[in-house]
Amino acid sequence: MITIKPKHLCLLAMSTAQFFLAAAQKRTIEQKVDSVIKLMTLEEKVGQLNQYSGDWNHTGPITEDGEKQTQIRKGQLGSMLNVVGVEHTRDIQRMAMQSRLKIPMLFGQDVIHGFKTTFPIPLAQAASWDIPAIEQAERIAATEASASGIHWAFAPMVDLARDPRWGRVMEGAGEDPYLGSKIAAARVRGFQGKGLGNTDAVMACVKHFAAYGAAIGGRDYNAVDMSYRTLWEYYLPPFKAAVDAGAASLMNSFNDINGIPATGNNYILRTILKGKWNFKGVVVSDWGSVGEMIKHGFAADEKDAAMKAAIAGCDIDMESRCYKNNLVQLVKEGKVKMSVVDEAVKRVLTKKFELGLFDDPYRFCNEQREQSQKNNPAHRKAARELSEKSIVLLKNENNLLPLSKQTKTIAVIGPFVKSVRDNLGFWSMEWPDDSSTIVTQWEGIKNKVSIDTKLLYAKGCNINDTDSSGFAEAVEVARQADVVIMSVGEARDMSGEAKSRSSIRLPGIQEALIKAIHATGKPVIVMINAGRPLVFNWVADNIPSILYTWWLGTEAGNAIGDVLFGDYNPSGKITMSFPRTEGQIPVYYNHQNTGRPAANETDMNYVSSYIDLYNSPKFPFGYGLSYTAFTYGDIVLDNKTMNTKGKIEAKISITNTGNYDGEETVQLYIRDMVSSVVRPVKELKGFQKIFLKKGETKTVSFIISEDDLKFYNNDLQYISESGDFKLFIGTNSENVKEVSFRLLK
Ligand code: BGC
């Protein structure tokens, strides 16, 4: 017999009460939404599904477009983007309050890597593998954005990406669905905080649904061609994780999937998202993507596009005006059911209620709060810490790094050394007062060295032209120094949206500058600032120390100083494979085996290989060094077999055998040896970050359950199959220990 103790009764009573309270509140919102919808004309309903950009140009004013203002006052516009700041959002909200039903306006914005405090670009953040730190970065971004009148962040971008030519790899977490899912969920939690309704929480918008990262040839906005199995296995999991984390909205992608543009794709939006995943939030098109279905050749005209998008389940039309100009007519003609419009409006209004905007449309409009978020020291500290964790040490011959703060003369050379805004990278907000708050790399280095250290500077060249007139000065400066630090890379607008590159080399003549400095014989450290993996073979083969510093944001200089001089021991690990050359793209670690796999790098005898290049990337997924060394023991399994209800524990001991305390990301991979569909040679299934003091040993344990062995079979069922598996644990996707186990059924 089960006995219920009074303590349990009390808990039961509480949770029941809370349950009913929550249900009542939920019902109330539903009821309120329904009652508003009952009052709305069809025109007003369509208005809620219409979104425009403001004409905000970072210094104001909000929108001078008289037509837009009239539409706001008529209730023909439900949400806006690119209207930022308390003053501006309040002005627009006042206009919305002049409309017949006073339905509040929703303000969305691309909050991609921070807001006032710029954090490292998302691809750099991913290299930290630090899920709580990434969540915290979004928490801070949400706090700052919401204080400036924003209700809705158009982030996170969770598109899996295997092609570094695609400029938008900078916005995502890289090539792996497992890590990408963890990060996607963390970002959603970060944005939405304790839940919509708190004034420091903003709606997350998971994008771009779906498969945008697979644009053919890495050319932005290009078509996508993939099997549904690949879609489910690799590209959808981060979206699912974000939806499960409670994401309030999703954004369509520009591409087609199986020939159907995502914006008009029933299978993606209705069958998967709103059906199988039971997503209750809002779906917004990408900028103009409803109208773009005409150019795709999928819709005959704007009316056809509006019809197809609405029926497929795209709730809001961002900027194409196809809904605004056609949806009323389409409903009147019976081509789009009123219930389709009502459902979309319901989703939008529900979010407005949840945000509390019906109670107080100005609740995100507080000047004092906005002011308090400017240059916030706690936020800067978090940005500095995440920047340190994002930096990847790619090479460090003879322990050239870290540098001594007492070094007599250091030459700091390159176009990034004193650059200000390039540190921010693409998708950063350009506040008029921002540049004064960005710590340049020069300042970061200057702040570290002793007063006796002489710092010399030469720019050497620009980022992207052929003017070598600065070389002589740079070489002269290098000759006077004990050690040279060089900072090179991509300008802030060379990766990002519409920034695909066919050649992903160091732009301009930067490599020539590095060669000239290297020829002086001085020890050289190269820092590469970029939004994507670049190809830099000569540098990788000839320069003793290389740090990948991405675009780190507001605190770039300080974080770089911390790493160069050993106040932080680098721990970042790349989450995209770095190709040897563009001809190798796409190169990713979790590829399938072929019937003719190469036995080794030089095997070219009628096997799957190039006759002029190794198959392996220059730097593999999960790779990154430390100033110290970690030695892995052997993997010990508590059992060699498991059934579907069982578990296997894998243990491994790791020792810090180097000279510094340091942090290591221990990675677990699994391979299914034989299955009903061809499986990847390795898949990440777990990781743990451990901090080891010099000389210390720790044992790391991973638990493997059936879930880690599941995959999508040919019928798209998510299943496991009995048989042999390999389990790998190591410091990156290539350098691993391995054992075998068996799943019994
Ligand atoms: C991008 C989206 C972005 C939107 C609004 C589009 O071009 O693809 O990621 O959220 O613009 O700025």
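Since this is a predicted model, take the numbers as computed values, not measurements. Start at 1 and go down the list; that is how both ligands and their atoms are numbered.
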Original post:
For ligand 1, is there an atom lying under 4.0 Å from some heavy atom of M157?
Top reply: no
Original post:
Of the protein's non-hydrogen atoms, which lies at the shortest distance from atom 7 (O) of ligand 1, and what is that distance?
Top reply: E497 OE2, 2.7 Å
Subject >> Residues that N590 engages under side chain to side chain donor-acceptor pair (under 3.5 Å), provided they are two or more places apart >> reply: none
Subject >> ligand 1 versus N82: contacting region, heavy-atom distance under 4.0 Å >> reply: neither
**OP:** Answer with yes or no after comparing the ring centroid distance for Y235 and Y212 against a 6.0 Å cut-off, counting only values under it.
**Re:** no
Quick one: side chains of residues 239-246, donor-acceptor pairs under 3.5 Å with protein atoms, not counting sequence neighbours, listed by atom name and distance.
residue, atom, partner, partner atom, Å
K240, NZ, D244, OD1, 3.2
K240, NZ, D244, OD2, 2.8

Original post:
Is it true that K324 and E67 make a salt bridge, defined as a side-chain N closer than 4.0 Å to a carboxylate O?
Top reply: no
Subject >> Protein heavy atom at shortest distance from atom 3 (C) of ligand 1 >> reply: D110 OD1, 3.2 Å
Subject >> Close-contact set for ligand 1 against M251 heavy atoms, below 4.0 Å >> reply: 2 (C), 10 (O)
Subject >> Nearest neighbour of atom 4 (C) of ligand 1 from the list D220, D159, D286, on a heavy-atom basis >> reply: D286
Subject >> For L81, the ligand 1 atoms whose distance to one of its heavy atoms is below 4.0 Å >> reply: 5 (C), 12 (O)
Original post:
Is the centre of the F119 ring less than 6.0 Å from the centre of the H113 ring?
Top reply: no
Original post:
Can you list the atoms of ligand 1 that are under 4.0 Å from a heavy atom of W287?
Top reply: 6 (C), 7 (O), 11 (O)
Original post:
Atoms of ligand 1 less than 4.0 Å from K207 heavy atoms?
Top reply: 2 (C), 3 (C), 9 (O), 10 (O)
Subject >> Structural part of R168 in contact with ligand 1, heavy atom criterion under 4.0 angstrom >> reply: side chain
Original post:
Using the benzene-type ring in the case of Trp, are the ring centres of F621 and W129 under 6.0 Å apart?
Top reply: yes
Original post:
So with a 6.0 Å cut-off around NZ of K74, is the heavy-atom count from everything else above 12?
Top reply: no
